[in-house]
Amino acid sequence: MAQTIFVLNGPNLNALGKREPGIYGGKTLKDIEADCKSVGEGLGFVIDFRQSNHEGVLVDWMHEAGDTAAGVAINPGAYGHTSIALHDAIRAISIPVVEVHISNIHAREEFRHKSMIAPAAKGMICGFGPHSYILALHALKSITQ
């Protein structure tokens with residue numbers, strides 16, 4: 001039976017494809033969802049792909065994942081740099097969480113260099129464009145077997 005992996009996306013990621021394509025590329029979030037579902041199927045995962053601009057919704061989904069999923073890949077967007085609530089939600093669940101960023105946050109503005117999520121997550125993948133999501137799925141496969 002396939003394991004469920006939540007792929008959660010935070011604020012402004014619904015604007016991918018239009019938003020700063022020089023930084024984030026031309027793929028839309030729907031394109032990334034299709035890629036994740038295709039690769040996930042090959043890895044034996046069912047991908048539950050979601051996006052919200054609201055921090056509390058992401059926290060609720062993290063709790064839900066803790067009860068129903070084998071792991072989480074989360075692109076927290078800007079909440080990665082500010083959200084103690086998401087940090088605490090990750091610490092409250094016992095499944096692995098991989099933080100994902102499309103851009104290399106360490107090569108951008110200084111306020112993006114620190115992640116509130118990273119200390120609670122199993123790991124972070126950033127800087128590989130939309131392929132960062134695929135790398136996160138492969139990482140989750142290697143630690144959920």
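Below, all heavy atoms of this structure are taken into account, side chains as well, without hydrogens, waters or symmetry copies.
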Where do [X] and [Y] come nearest, in terms of heavy atoms and distance?
{"X": "Ser103", "Y": "Cys126", "answer": "O-CB, 3.5 Å"}
{"X": "Gln51", "Y": "Gly10", "answer": "NE2-O, 3.0 Å"}
{"X": "Cys36", "Y": "Leu137", "answer": "O-CD1, 3.6 Å"}
{"X": "Ala139", "Y": "Val98", "answer": "CB-CG2, 4.5 Å"}
{"X": "Thr144", "Y": "Ala70", "answer": "CG2-O, 3.5 Å"}

How long is the gap from CD1 on Ile5 to NZ on Lys37, to the nearest 0.5 Å?
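Output value for this atom pair is 14.0 Å.
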
Distance check, rounded to the nearest 0.5 Å: Asn104 atom CG versus Phe128 atom CZ?
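Nearest 0.5 Å value for the CG-CZ distance: 8.5 Å.
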
Between [X] and [Y], is any pair of side-chain heavy atoms under 4.5 Å apart?
{"X": "His81", "Y": "Pro76", "result": "no"}
{"X": "Asn9", "Y": "Leu16", "result": "no"}
{"X": "Lys27", "Y": "Asp35", "result": "yes"}

Tell me, with the steps shown, if Leu13 and Ile32 meet side-chain contact (heavy atoms from CB on, under 4.5 Å).
CA-CA 11 Å; Leu13 292 165; Ile32 293 170; over 6 Å; no

Quick one, Asn75 with Ile102, criterion side-chain contact (heavy atoms from CB on, under 4.5 Å). Give me CA distance, side-chain angles, the key distance, then yes/no.
CA-CA 8 Å; Asn75 183 339; Ile102 293 170; 4.0 Å; yes

I'd like to know if Met116 and Met124 are part of one continuous hydrophobic network [Ile/Leu/Val/Met/Phe/Trp/Tyr, side-chain heavy atoms within less than 4.5 Å].
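As far as the 4.5 Å side-chain criterion goes, Met116 and Met124 are not connected within one cluster.
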
Determine whether Ile143 and Val46 fall in the same hydrophobic cluster, where Ile, Leu, Val, Met, Phe, Trp and Tyr are linked whenever their side-chain heavy atoms lie under 4.5 Å apart.
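Not linked; separate clusters.
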
Exam field: side chain [X] to backbone [Y], donor-acceptor pair closer than 3.5 Å:
{"X": "Ser132", "Y": "Gly129", "result": "yes"}
{"X": "Ser38", "Y": "Ala34", "result": "no"}
{"X": "Asn53", "Y": "Asn12", "result": "yes"}

Test of understanding: with salt bridge (Lys or Arg N to Asp or Glu O under 4.0 Å), list the residues that count as partners of [X], not counting sequence neighbours.
{"X": "Glu55", "result": "none"}
{"X": "Arg50", "result": "Asp48, Glu64"}
{"X": "Glu41", "result": "none"}

Which pairs pass salt bridge (Lys or Arg N to Asp or Glu O under 4.0 Å) with one or both residues in residues 128-145, sequence neighbours excluded?
none

Do any pairs count as a salt bridge (Lys or Arg N to Asp or Glu O under 4.0 Å) and have a residue in residues 82-100, sequence neighbours left out, and if so which ones?
none

Should the ring pair Tyr133 and Phe49 be called parallel, tilted or perpendicular, given that the plane angle runs from 0 to 90° and is split at 30 and 60?
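Geometry flag for Phe49 against Tyr133: tilted rings.
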
From CA spacing to verdict: side-chain hydrogen bond (donor to acceptor under 3.5 Å, both in side chains), Asp31, Thr28
CA-CA 5 Å; Asp31 296 334; Thr28 67; 3.2 Å; yes

Heavy-atom count around His54 NE2 within 6.0 Å, excluding the residue itself: above 12?
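No, because the 6.0 Å sphere around NE2 of His54 holds 12 heavy atoms or fewer from other groups.
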
Which other residues belong to the hydrophobic cluster containing Trp61, where Ile, Leu, Val, Met, Phe, Trp and Tyr are joined when side-chain heavy atoms lie under 4.5 Å apart, directly or via other members?
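Trp61 shares its hydrophobic cluster with Phe6, Leu8, Val57, Leu58, Val59, Met62, Val72, Ile74, Tyr79, Leu86, Ile90, Ile93, Ile95, Val97, Ile117.
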
